[in-house]
Amino acid sequence: MRNVILWAIWFILIVLLAVVYLFNNDHSSLSILGLPEWLYYFFLFELLFAFSIWVFCSHFWQDENQEQL
Amino acid sequence: MIPYIILISYLLVSFAWGLFFTKRPENNPESFFLSNRNLRTVALFFSLIATNFSAFFFLGFAGEAYRVGYAYYPMMAFGTSFAAINFYIIGNKAWRLGKQKSYITPVEMIRGESGSVPLSVVFMLFMILFMLPFLAVQSVGAGLILENITGGALSYAQGVVLMTFLILIYVIVGGMRGIVAMDMKNGIIMLTLMLTAILVLDNSMGGISENNLSLQEAMPELFVVRGRGDFFTPLKWLSFLLLWSACLPMFPQIFTRFLMGKNLRIFKKTTILYAFIPPFLFIVPVIIGVLGHIDFAGLEGKASDAILPMLLGKYTPDWFSALILTGALAAFISTVDSILMAIASIGTRDFYLQFVKRDANHGGQVKAARWIIFLVAMIGMVIALLRPASIFSIVTMTFSGSALLYPIVIGIFYLKHVHWAWSFWALLSGEILLAALSFQWVSVEWMGSALPVLPAFLWTFIWVLAGEVYGRAAERAE
């Protein structure tokens with residue numbers, strides 16, 4: 001259970017960081033392909049997000065669930 | 001003439017694929033509804049993607065981006081990626097329980113694990129009720145696409161009827177096996193065609209970079225993180241995040257996919273792959289929608305949903321436009337067939353077998369399922385033909401309603417002390433609260449910019465948790 005709670009805290013932190021940082025900073029300049037700079041920050045956050053899901057599925061939750069069953 | 005050839009070829013190949021190149025299901029519920037629970041990673045992944053990404057991915061998504069701007073990308077991509085975690089939390093347990101206890105439908109699982117018929121009936125009613133408008137909207141999309149491809153030669157109504165009956169044939173004959181075969185083909189087609197569309201439009205419109213630069217000067221509000229007219233606030237953004245991630249696993253056609261993997265490793269790989277798709281893919285319809293302002297400025301409301309066909313019509317030959325729109329048709333088909341099958345499995349196992357004919361044998365259940373598929377398809381078709389003006393807003397509300405099923409499932413799967421009466425009350429009162437907030441029967445000013453689903457979801461979850469605390473205390477007292 002400890003692993004899952006730690007993971008959940010990490011996950012919530014990523015989301016909050018994404019929201020707080022991006023909604024409070026001006027990234028209106030354009031970047032590659034003429035897309036706004038903030039969009040690339042979001043993209044990076046999402047990749048981090050997806051990798052976190054990978055870690056969760058591969059290690060934490062599976063062990064936890066096997067204990068329960 | 002070429003658009004017709006493309007359309008007819010697609011339809012012929014599709015239905016021949018679904019009907020003749022797929023092994024027939026055996027005459028038992030497990031085979032007919034779940035394809036014998038033996039899907040491998042590629043089949044399960046494409047089936048999940050094709051079922052989840054509806055005609056909205058092709059048409060509505062670009063339309064929303066036209067209205068909101070680039071801010072629509074993170075909201076949708078985060079929410080859809082986030083759903084993967086819930087797919088795993090719920091799907092992992094559902095797969096195990098399904099395998100151990102031979103559950104075929106989510107409702108059956110709720111009934112079996114909570115031991116309550118009333119709770120399972122309410123759960124079933126909400127699950128099905130919320131899917132019917134979504135089914136009808138898919139048919140509306142198909143009618144519009146066919147009308148567009150044929151340049152009006154096929155009317156909207158003819159398109160709806162044609163597609164409904166074509167899908168009915170292979171779903172009734174092929175069962176879930178036919179659907180999965182179609183999903184794989186349609187999943188690959190829709191992803192390929194969406195990427196092709198952006199590449200061709202980029203080339204013919206003179207480059208994405210150049211167009212974005214000129215558009216930013218003219219309409220800078222399309223490029224801000226909050227979206228046009230401050231559409232997204234952090235609270236609204238979090239509401240959408242919660243909405244997508246909680247409602248997607250509660251769609252019966254998605255929940256059914258959790259039970260169909262051959263083993264847990266396959267399900268895990270599918271979930272991880274799914275999480276990586278939205279960040280890469282969702283930018284495509286968003287770019288198309290935003291760049292639509294260059295040639296079609298000032299579209300209001302739902303008119304902007306046609307921005308992709310409009311751009312294709314302006315910049316590409318008819319045959320290419322028809323080809324891309326068959327991708328939208330593929331997205332529609334692969335969502336509708338799965339909804340039909342999911343509702344039919346619930347109707348058969350949780351209504352017919354429970355309340356009409358308890359001693360129905362396997363063959364009898366499959367026969368009943370075929371009739372239910374027909375009946376549900378007819379209901380969806382009639383709603384689509386009537387096309388009530390409020391259908392799209394109803395769909396948005398039903399998504400929120402589906403999200404409220406999530407705390408109930410979590411309670412039953414992981415909180416072992418919640419008595420069913422607590423879950424029953426939590427769900428019923430949560431749905432009533434959602435309706436009250438959505439229709440503004442009560443004051444909603446206190447919510448700020450949050451969507452009604454946020455307080456309703458928290459309300460439902462709190463009651464489930466309260467049930468767990470009470471259950472534990474009662475157990476200790478005993």
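Sequence lines set the chain letters: A, B, ... in the order given, protein chains first and strands last, and positions in each chain run from 1.
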Indicate yes or no: at least one non-hydrogen side-chain atom of B:S245 is less than 4.5 angstrom from one of B:I85.
-> no
All heavy atoms of B:Y66 vs all of B:L222, minimum pair found to be O-CD2, 4.0 Å
Which class fits the ring pair B:F78 and B:W237: parallel under 30°, tilted 30 to 60°, perpendicular over 60°?
-> tilted
Is chain A contacted by the side chain of B:L238, its backbone, both, or neither, given a heavy-atom distance below 4.5 Å?
-> side chain
A:F42 versus chain B, the contacting section by heavy-atom distance below 4.5 Å | both
Are the side chain of B:S214 and the backbone of B:N211 linked by a donor-acceptor contact shorter than 3.5 Å?
-> yes
Residues of residues 196-204 of chain B contacting chain A, heavy-atom criterion under 4.5 Å, by residue number | none
Test side-chain hydrogen bond (donor to acceptor under 3.5 Å, both in side chains) applied to B:K99 - qualifying residues, sequence neighbours left out = none
Side chain / backbone / both / neither for B:L241 at chain A, heavy atoms under 4.5 Å = side chain
Highest number of heavy-atom pairs under 4.5 Å with chain A among B:A275, B:G207, B:S81, B:P74 belongs to B:P74
Shortest non-hydrogen contact from B:V284 to B:L195?
-> CG2-CD2, 3.9 Å
Chain A heavy atoms under 4.5 Å from B:Y274: which part of the residue, side chain, backbone, both or neither?
-> neither
B:Y73 and B:F282 aromatic centres sub-6.0 Å = no
Grab the two heavy atoms, one from A:I14 and one from A:F49, that are nearest each other, plus how far apart they are.
-> CG2-CD1, 4.5 Å
